[in-house]
Amino acid sequence: MIALKIAFRNISRQKKRSFLLAGAIAFGMLVITLLNALSGGVVENIRVNFSHALGGHIFIMGREFSGEGRMIHKIRPDQRLDQLLDENAASIRGFSKRSQAVPSLIFGSKQTMHLLYGVDFEEEDQLLESLAVTAGSLSGVSREGNALILPKPVGERLGVEPGETVLVKLETLSGQQNVGEFKVKAFIEDQEQFGLSAAYANRSYLNDLLGIGSQEYQMLNMFVADLSRLDDLTRVFREGLKSPEELEESKFEELEEEEALLEVSVGGVPLDPMMGGEEIKPWEGTRYQVMSLNQIMEPVELMVGVLNQVGLVIFLILLSVTMVGITNTFRMIMIERIREIGTMRAFGMQRREIKRIFLLEAFFLGLLGSAGGILLTALLAFILSKIRFGADPALQFFLRQGQITFSFSAASILINTALVLVISLIAAYWPARASAKLPPVEALSSHT
Amino acid sequence: MAIVELEKVTRVYTLGKAEVHALRGVTFAIEKGDFATIIGPSGSGKSTILNLIGCIDQPTEGKVIINGKPTQGLTDKVLTTLRHETLGFIFQSFNLIPVLNVYENIEFPLLLGRNKMSKKETKEWIEYLVESVGLIERLDHKSNELSGGQRQRVAVARALVTRPEIVLADEPTGNLDSKTGQSIIELMKKMNADLNTTFIFSTHDATIMDIADHVIRLLDGLVVENSKNRVRAGGLS
Ligand SMILES: Nc1ncnc2c1ncn2[C@@H]1O[C@H](COP(=O)(O)OP(=O)(O)OP(=O)(O)O)[C@@H](O)[C@H]1O
Ligand SMILES: [Mg+2]
C-alpha cells in the first residue's frame with residue numbers, strides 16, 4: 001500500500017516530464033479512439049443511408065429466361081413468396097414490390113435520365129405521406145394511370161410544370177425501345193440526403209412500358225423489425241424461395257451464385273474468381289436472388305476494418321516511440337532517486353516492493369495518458385459533431401443529417417487502454433528491475 | 001550482553017586491479033543500550049563498519065554478529081527483514097522521502113512489515129516520537145519545507161519508529177552546523193536513555209565524542225582505541 005502511495009505521488013514530482021509522457025500516450029489514444037469511433041459512425045450512417053436509398057434491408061429479385069434465352073429480371077405473383085411474407089409478418093416492418101427503370105425523360109428539347117420507380121400506391125400507403133410536395137398535388141395519383149411524381153431538380157432541369165406531359169423513353173425487358181407519355185402530377189423535395197433521388201409512377205403503367213404483366217414486379221424490398229435478426233430472416237427467404245432444382249444443386253455443395261459473388265470464401269473454400277465469368281445454364285421458371293443490407297455492407301465494413309487496422313498500426317508505432325521514452329525516463333528516474341531507493345531498502349523494503357513502486361508509477365502514467373486521450377477524444381468528437389457539412393451529396397452518404405457521428409465502442413476503448421497499460425509496464429520493467437537489484441550500500445553512497 | 005560483535009572483520013574493495021583494504025581485521029563488541037561512537041579520520045573505515053553492522057554490506061572475512069546471529073551467507077530477503085526488525089538508520093544527508101510529509105516519513109518503516117501495534121497505539125507512538133523530536137507543529141510539512149536540523153529530527157524519529165534495538169548513524173551531524181549538530185546528538189542521547197536503544201554513530205567531531213559512553217577509534221582500517229569508560233546514561237552532565 002505504501003508503494004501505491006509513493007508511486008502515485010511520484011508522478012507529480014516532475015510535472016512537466018509526466019505531462020509529456022502522458023501526453024504522448026494520450027495522443028496515441030486520441031488517434032486510435034477517434035478513428036475507431038469515426039469509422040464506426042460512418043458504417044452506421046452508410047447502413048442507414050443505404051437502407052433508405054435502397055428502400056429496405058432485404059432485397060429479393062427474380063430472374064427467368066425468355067424464350068430466346070435472354071435473362072429477364074422480374075417476379076411473377078408467387079404463392080411461395082406470399083406465404084413466406086405471411087409467415088414472417090411479425091419480423092417484417094414493411095415491404096414494397098416495385099418495378100424500376102432508368103428512362104430518358106423528354107420535354108420539348110430537354111432530356112434527362114433519371115431513376116423511375118413503379119409503385120403500387122395503394123399497397124405502399126406510407127410512401128405518399130413521406131414525400132414532401134413542392135408543387136402540384138398527390139391526391140388521386142393511384143387513379144391516374146400515367147401520373148408521374150418528379151423530384152423538383154429534375155422538373156426544373158426539364159422546364160416542365162405540373163399538369164404537363166413528358167415523354168418517357170426506355171428499353172423493355174426483352175430489349176426493345178419503347179416510349180410512353182406521363183403526366184407530371186407533382187414535384188417533390190429531393191431526398192438526396194439519403195442518396196436517393198427517384199421519380200415515382202404507377203407500377204402497372206410502368207410495367208406496360210417495360211413489357212411485363214401488371215401484377216408482376218422487379219424487386220421486393222423489405223424493412224425488418226429487428227436488424228439483429230436480419231441474417232436469419234434473409235436465410236429464411238433465401239432457403240424458402242429455392243426451386244426444387246436449386247435445392248438439388250446445392251446438395252452438391254455448389255456455391256450459390258450470389259453468395260459466391262459477395263463473399264470471399266464460403267465454408268473455408270476460397271472463391272475462385274473465374275467462377276463469376278462462367279456461362280450460366282438457363283433454367284426453367286423463376287429463380288430468386290435474396291440479398292441483405294449486411295451483404296451489401298460487407299465491402300464497406302471490410303474497408304473500414306482495413307482503416308482501423310491502419311489506425312492500430314499508427315497507434316502501435318506511437319506507443320513504441322512512447323515506450324522508448326518511458327524506458328529512458330525511468331532509467332533517469334532510477335538515478336535521480338537512487339538515495340531514496342537505498343533508504344527504503346535500508347529500512348527494510350524488499351526488492352519486489354521497489355520494483356512495484358516503479359511499475360505502479362508507469363501504470364498510473366499509462367492510465368493518466370489513456371484517460372486524457374479518451375477525454376480529449378470525447379471533446380473533439382463533440383466539437384466535430386457540431387459541424388454541419390454543406391450540401392455535397394457525396395459526403396451526405398457518410399453523415400447523418402449532414403453531421404459527423406461517432407460510435408464509441410467500450411470494448412475497443414478498453415482493449416486500447418489495456419494495451420497502453422501493458423506497454424507502459426513493459427517499458428518500465430527493466431529500469432524497475434535494475435532499481436530493485438541495486439545493492440543498498442551502493443544506492444546510499446551514490447553521489448547524485 | 002553484546003548486541004553487536006565484530007570478529008576479525010576485513011573488508012577489501014577492488015577497484016580494477018587495485019585493492020583497497022578498508023578494514024584490516026577489526027574486532028569489538030557493543031553492549032545493548034550503549035551510546036557508541038566510531039571516530040577516526042577520513043578514510044579510516046567508519047562508514048564501512050556501519051554498513052557492515054547495518055547489514056547492507058558484507059565483510060570480506062570475519063564475522064559480524066547482530067543480536068547473537070551471524071549475518072554471513074544470509075539472502076537479501078532475510079537481511080532486509082533483519083534490517084527492518086532490528087535496525088534503524090540515520091543518514092548524513094537526512095534522506096527523507098520527499099513525497100511524504102513528516103508524519104508519513106516517520107510512519108514509513110512501520111508500513112514495510114507486520115506492525116504489532118493497533119492503529120491507536122501506532123498513532124500515539126508516532127505522536128510521542130514527533131513530540132520528542134519537537135516537530136509537533138510540522139506534521140504535514142514535506143521535507144523540502146524543513147531546515148536541515150528539522151529534517152534530521154524527523155530522521156531520528158523515523159529511525160526509532162519500529163522500536164529497533166540498534167540505530168546506526170553515519171555522520172548524522174555532517175551536514176549541520178555545530179550547534180544544530182550538537183542538539184541532534186543530544187536528542188539521540190535522550191532517546192537512547194528513554195528507550196534504551198543502542199546507538200552507534202560515527203563522527204569527525206571530537207567534542208561530540210564526549211557524550212558517548214563507548215568510543216571506538218579507527219585508523220587506517222584498524223581499531224586503535226576501544227574505551228568503554230564513561231558513566232552509563234550520564235553522559236550529558
Ligand atoms: N565502494 C568503494 N569502493 C572502493 N573503495 C572504497 C569504497 N568505499 C570505501 N572505500 C575505501 O575504503 C576506505 C574506507 O572508507 P570509509 O568510507 O569507510 O571511510 P570513512 O572513515 O567513512 O571516511 P569519511 O570520514 O570520509 O566518511 C577508504 O580508503 C575508501 O576510499
Ligand atoms: Mg564515511
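Please read all numbers here as calculations on a predicted model, not as lab measurements. In what follows, chains carry the letters A, B, and so on, assigned in the order in which the sequence lines appear, proteins first and then strands, with residues in each chain numbered from 1.
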Distance-only donor-acceptor screen, chain B against chain A, under 3.5 angstrom:
{"residue": "B/D76", "atom": "OD1", "partner": "A/R345", "partner atom": "NH2", "Å": "2.7"}
{"residue": "B/D76", "atom": "OD2", "partner": "A/R345", "partner atom": "NH2", "Å": "2.9"}
{"residue": "B/K77", "atom": "O", "partner": "A/Q350", "partner atom": "NE2", "Å": "3.2"}
{"residue": "B/T80", "atom": "OG1", "partner": "A/R345", "partner atom": "NH1", "Å": "3.3"}
{"residue": "B/T81", "atom": "OG1", "partner": "A/Q350", "partner atom": "NE2", "Å": "3.1"}
{"residue": "B/R83", "atom": "NE", "partner": "A/R345", "partner atom": "O", "Å": "3.1"}
{"residue": "B/R83", "atom": "NE", "partner": "A/A346", "partner atom": "O", "Å": "3.3"}
{"residue": "B/R83", "atom": "NH2", "partner": "A/R345", "partner atom": "O", "Å": "2.9"}
{"residue": "B/S93", "atom": "OG", "partner": "A/R339", "partner atom": "NH1", "Å": "3.0"}
{"residue": "B/N95", "atom": "OD1", "partner": "A/R339", "partner atom": "NH1", "Å": "3.4"}
{"residue": "B/N95", "atom": "ND2", "partner": "A/T343", "partner atom": "OG1", "Å": "3.1"}
{"residue": "B/V99", "atom": "O", "partner": "A/R9", "partner atom": "NH1", "Å": "2.9"}
{"residue": "B/E104", "atom": "OE1", "partner": "A/R9", "partner atom": "NH1", "Å": "2.6"}
{"residue": "B/E104", "atom": "OE2", "partner": "A/K5", "partner atom": "NZ", "Å": "3.2"}
{"residue": "B/E104", "atom": "OE2", "partner": "A/R9", "partner atom": "NH1", "Å": "3.3"}
{"residue": "B/E104", "atom": "OE2", "partner": "A/R9", "partner atom": "NH2", "Å": "2.7"}

### Task
Please check if atom CD in B/E61 has more than 12 non-hydrogen atoms from other residues, nucleotides or ligands closer than 6.0 Å.
no
### Task
Answer yes or no: are there more than 12 heavy-atom neighbours, outside B/F28 itself, under 6.0 Å from its atom CZ?
yes
### Query
Should we say atom CE of B/M117 is surrounded by more than 12 heavy atoms from elsewhere, each under 6.0 Å from it?
yes
### Task
Compare every heavy atom of A/F347 with every heavy atom of B/P109, then report the nearest pair and how far apart it is.
CG-CD2, 3.6 Å
## Note on the structure
One option among B/G113, B/A159, B/P98 has the most heavy-atom pairs under 4.5 Å with chain A, and it is B/P98
### Message
Nearest 0.5 angstrom please: A/M349 CE to B/F108 CZ, how far?
### Response
4.0 Å
### Task
Side chain from CB out, backbone as N, CA, C, O: work out which of these in B/F91 comes under 4.5 Å of a heavy atom of chain A, or both, or neither.
side chain
### Message
Only pairs of heavy atoms separated by less than 4.5 Å count here; which of B/L111, B/L79, B/L87 has the most with chain A?
### Response
B/L111
### Task
Pick one of side chain, backbone, both or neither for A/M344, based on which atoms fall under 4.5 Å of a heavy atom in chain B.
both
### Query
Looking only at heavy atoms, which two atoms of B/L112 and A/G348 are closest? And how far apart?
CD1-C, 3.8 Å
### Message
Can you confirm whether A/F408 is buried at CZ, in the sense that more than 12 heavy atoms of other residues, nucleotides or ligands lie under 6.0 Å from that atom?
### Response
yes
